[in-house]
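Chain A is the first sequence line, chain B the second, and so forth, proteins listed ahead of strands; every chain is numbered from 1.
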2 protein chains.
Amino acid sequence: MKYNAVTIKDVAKALGVSTSTVSRALRDSHEISPETKELVLECAKRLNYTPNPIALSLKEKKSRSVGVIVPEVANGFFSQVINGIESMAFDKGYDVIISQSLESYEREIRSVQFLASRSVDGLIVSLAAETANLDHLLQLHDRGLPMVFIDRITDEINTHKVIVDSFRGTYDATEHLIQSGAKRIAVIAATEFLSTTRERVAGYREALLANGIKEQPELIHYCFYGGIEFAEIEEIVNKLFTLRQKPDAILTTSDKLTTGVLKTLKRRGIKVPQDVALAGFSNTDIPELIDPPLTLIRQPAREMGAAAIDLLLQMVNSKRPVKEFEKRRLSPELQIRESSQARQRPKPGSKK
Amino acid sequence: MKYNAVTIKDVAKALGVSTSTVSRALRDSHEISPETKELVLECAKRLNYTPNPIALSLKEKKSRSVGVIVPEVANGFFSQVINGIESMAFDKGYDVIISQSLESYEREIRSVQFLASRSVDGLIVSLAAETANLDHLLQLHDRGLPMVFIDRITDEINTHKVIVDSFRGTYDATEHLIQSGAKRIAVIAATEFLSTTRERVAGYREALLANGIKEQPELIHYCFYGGIEFAEIEEIVNKLFTLRQKPDAILTTSDKLTTGVLKTLKRRGIKVPQDVALAGFSNTDIPELIDPPLTLIRQPAREMGAAAIDLLLQMVNSKRPVKEFEKRRLSPELQIRESSQARQRPKPGSKK
DNA sequence: TTTTTTTACGCAATCGATTTCGAATATCGG
DNA sequence: CCGATATTCGAAATCGATTGCGTAAAAAAA
């Protein structure tokens with residue numbers, strides 16, 4: 001069952017020397033004669049010795065592993081983030097331990113504590129939608145556990161953060177919709193407690209303002225579960241399309257919402273972009289295959305992951321406590337396709 | 001930097017008892033009087049004691065973590081598999097350490113050795129496309145490291161395996177294409193060294209045979225990089241559509257190939273399903289949004305991941321070496337949509 | 001040759017937790 | 001009241017590797 005690991009002791013015994021000698025020889029210490037080193041190295045190889053990282057971790061109080069907590073792995077954006085994290089961590093000799101919160105506050109707490117108790121050297125966190133209280137993370141942060149937030153961040157904890165410029169994302173997308181002729185742009189956003197949601201809705205608002213369009217409260221909707229509950233989206237779309245004045249464009253703030261809204265529109269027979277334009281955040285790898293091809297705001301997910309692990313390892317390997325923190329803000333990319341494009345708009349009232 | 005962990009020693013000192021007593025009290029040993037237990041438990045909580053899993057691992061020679069090696073995390077299928085693995089592992093108190101091979105043999109070797117050296121209790125592996133030699137895994141298997149293969153398996157290592165019934169997947173899909181009127185069905189498959197590819201192509205062949213259609217070698221193509229190199233797909237599509245007798249349907253054997261082929265067809269202005277029908281393996285979460293809605297063979301990815309971790313933990317926790325191995329074969333689901341549907345087919349020769 | 005300095009290595013502590021063995025105290029029967 | 005069994009706890013070994021300290025032997029300096 002448990003495979004017989006060759007230890008430093010076995011090598012020592014085989015050679016009739018002490019474990020200290022073996023250890024030092026393996027680490028190429030100057031206190032060991034070249035001949036002995038030779039012998040030890042040869043013997044270690046012959047016996048197929050592999051160092052036990054757990055013993056080392058115990059001594060060094062470092063595990064050379066980092067924990068990653070994301071809402072969900074099976075999500076285009078987050079899986080790309082993880083890709084970025086893993087690639088760089090692997091190159092630097094770090095393990096990546098994954099845990100999902102599934103948007104649940106309770107599960108996030110358990111995940112965090114689980115990872116912390118497993119002595120990860122640091123944590124990369126993207127907050128769950130439900131999470132309003134940050135004590136579970138603050139506690140660890142106060143005890144000195146290096147921590148980097150990604151995408152869904154918080155102001156309550158002072159540490160490195162990696163985000164995309166969400167404000168600009170929705171600002172540009174909104175402006176683009178306006179230039180394409182939209183006058184009544186609805187927003188379907190995720191939980192309003194998320195940092196990303198707040199920034200994105202703010203970008204939308206600012207763009208309306210800058211273009212002299214008055215904000216309409218009935219056009220702004222939040223999905224608490226961000227589309228995991230499909231019914232949530234349907235209800236909102238229903239509301240929007242039973243308004244006296246229907247929206248002529250919809251802006252969505254997350255991957256699930258973007259595709260979810262499109263699904264709902266299709267089911268209801270609402271044509272995009274003829275009846276309503278659509279644009280939103282998404283990191284799907286097949287935007288051009290979707291009908292209609294989707295205009296979307298894409299986040300540089302891989303790069304964000306890479307930035308996060310980079311910042312984290314900087315902290316982990318820093319001699320003294322890091323006091324200056326960075327908020328690394330990458331640029332989103334607005335990809336314009338048909339779903340948002342200008343088109344013949346029926347005269348008001350000419351259509352049901 | 002490293003946060004001051006409270007150890008069992010601190011608790012012992014605070015109470016003026018020995019570490020053994022604390023340890024036993026914490027584990028609710030019968031050798032400790034109820035009063036002492038009470039005291040220790042209270043003190044441990046007060047001091048915010050958390051056990052150090054590394055010390056435990058060292059002693060128990062178990063890390064309560066499992067390694068997962070997949071070709072790529074940012075892939076619909078594999079991220080769903082990981083979701084299944086993580087969910088169940090988390091419930092059972094196991095860490096999941098992720099590593100990607102990126103289809104590279106060399107990186108797979110390094111990943112495997114990295115994970116093994118980190119003392120994972122077991123491994124879940126989906127082989128890289130490049131991997132032809134299995135020595136790196138055989139070595140560990142021989143030394144007794146529990147191991148489960150998922151999706152892309154091998155016959156060379158005798159252990160638990162979890163797959164989808166690929167043969168039936170393509171058999172049914174092919175038959176469906178035939179019933180929809182297809183007569184010349186091309187196959188675009190991944191690397192032929194992959195177990196999945198072989199089974200899938202076999203299913204296709206068998207279906208042709210069963211329906212009295214002669215197999216045409218020029219209609220069968222393999223992509224070594226399985227669509228990671230987009231040019232690979234384009235070249236194959238090119239070849240197929242410069243044949244004197246063009247295919248009237250295409251069957252693809254992987255997620256990337258299915259979407260990749262559709263992209264290529266769109267770029268070349270070949271209409272699906274009017275000019276050519278399309279069906280293939282895919283685990284995309286938005287098949288109905290794609291134009292045209294895709295007929296696809298879906299794998300129960302989450303369930304496969306759950307089955308794999310279940311089998312793995314069975315081995316890990318088994319008292320004696322497991323000798324009987326299981327090949328768990330889940331059923332794929334054929335989801336029929338427009339991309340493969342019967343339609344007006346032009347008379348032979350009436351079209352360019 | 002004697003003293004000093006290197007060189008090369010072993011002993012033992014350490015990391016945190018568990019566990020075997022032994023011992024001290026308490027309890028009980030006679 | 002004494003020997004015997006129970007109860008409760010501590011000392012020390014253990015897991016694998018590292019490292020400060022001590023020391024014997026060899027080399028260099030005197």
Please report the distance, rounded to the nearest Å, between NZ in A:K9 and C1' in C:dA12. 13 Å
Backbone N/O of A:L194 and side chain of A:T191: donor-acceptor pair under 3.5 Å: no
Round to the nearest Å and state the distance from A:L26 atom CG to D:dG16 atom P. 15 Å
For C:dT18, does OP1 or OP2 lie under 4.0 Å from any side-chain N or O of B:S23? yes
Test side-chain hydrogen bond (donor to acceptor under 3.5 Å, both in side chains) applied to A:S20 and A:S23, step by step: CA-CA 5 Å; A:S20 344; A:S23 171; over 6 Å; no
Write down the distance between CG (B:D28) and C1' (C:dT18), rounded to a whole number of angstrom. 15 Å
Looking only at atom types and distance, does a side-chain atom of A:D142 sit under 3.5 Å from a main-chain N or O of A:Q139, one as donor and one as acceptor? no
Ordered by number, residues from residues 32-44 of chain A within less than 4.0 Å of DNA chain D (heavy atoms) are none
B:R27 atom CZ is separated from C:dA17 atom P, nearest whole Å, by 11 Å
Any residue of residues 45-59 of chain B with a heavy atom less than 4.0 Å from an atom of DNA chain D: B:L58, B:K59
Please check if any side-chain donor atom of A:Q100 sits under 3.5 Å from a side-chain acceptor atom of A:S111, or the reverse. no
Quick note, A:E31 side chain, CB onward, closest among D:dC21, C:dA17, C:dT19 is D:dC21
Distance, rounded to the nearest Å, where B:K62 contributes NZ and C:dG16 contributes P: 23 Å
Classify the side chain of A:T7 versus the base of D:dA17 as yes if they form a donor-acceptor pair under 3.5 Å and no if they do not. no
When you measure from the side chain of A:S79 to the backbone N and O of A:N75, does any donor-acceptor pair fall under 3.5 Å? yes
Can you check the B:K13 NZ to C:dG16 P distance for me, whole Å? 11 Å
Which of these nucleotides, C:dT19, D:dC15, C:dC11, is closest to any side-chain atom of B:K61? D:dC15
Over all strands shown, is A:V22 touching base, sugar-phosphate only, or nothing at heavy-atom distances under 4.0 angstrom? nothing
When you check the gap from the basic side-chain N to the acidic O, do B:K62 and B:E60 get nearer than 4.0 Å? no
Between CG on residue A:L26 and OG1 on residue A:T19, distance to nearest 0.5 Å: 11.5 Å
At under 4.0 Å between heavy atoms, what does A:R24 touch on the DNA or RNA strands: base, sugar-phosphate, or nothing? base
Are the aromatic rings of A:Y105 and A:H136 close, with centres under 6.0 Å apart? yes
A:F114: partners by ring-ring contact (aromatic ring centres under 6.0 Å, His included), with sequence neighbours left out: B:F90
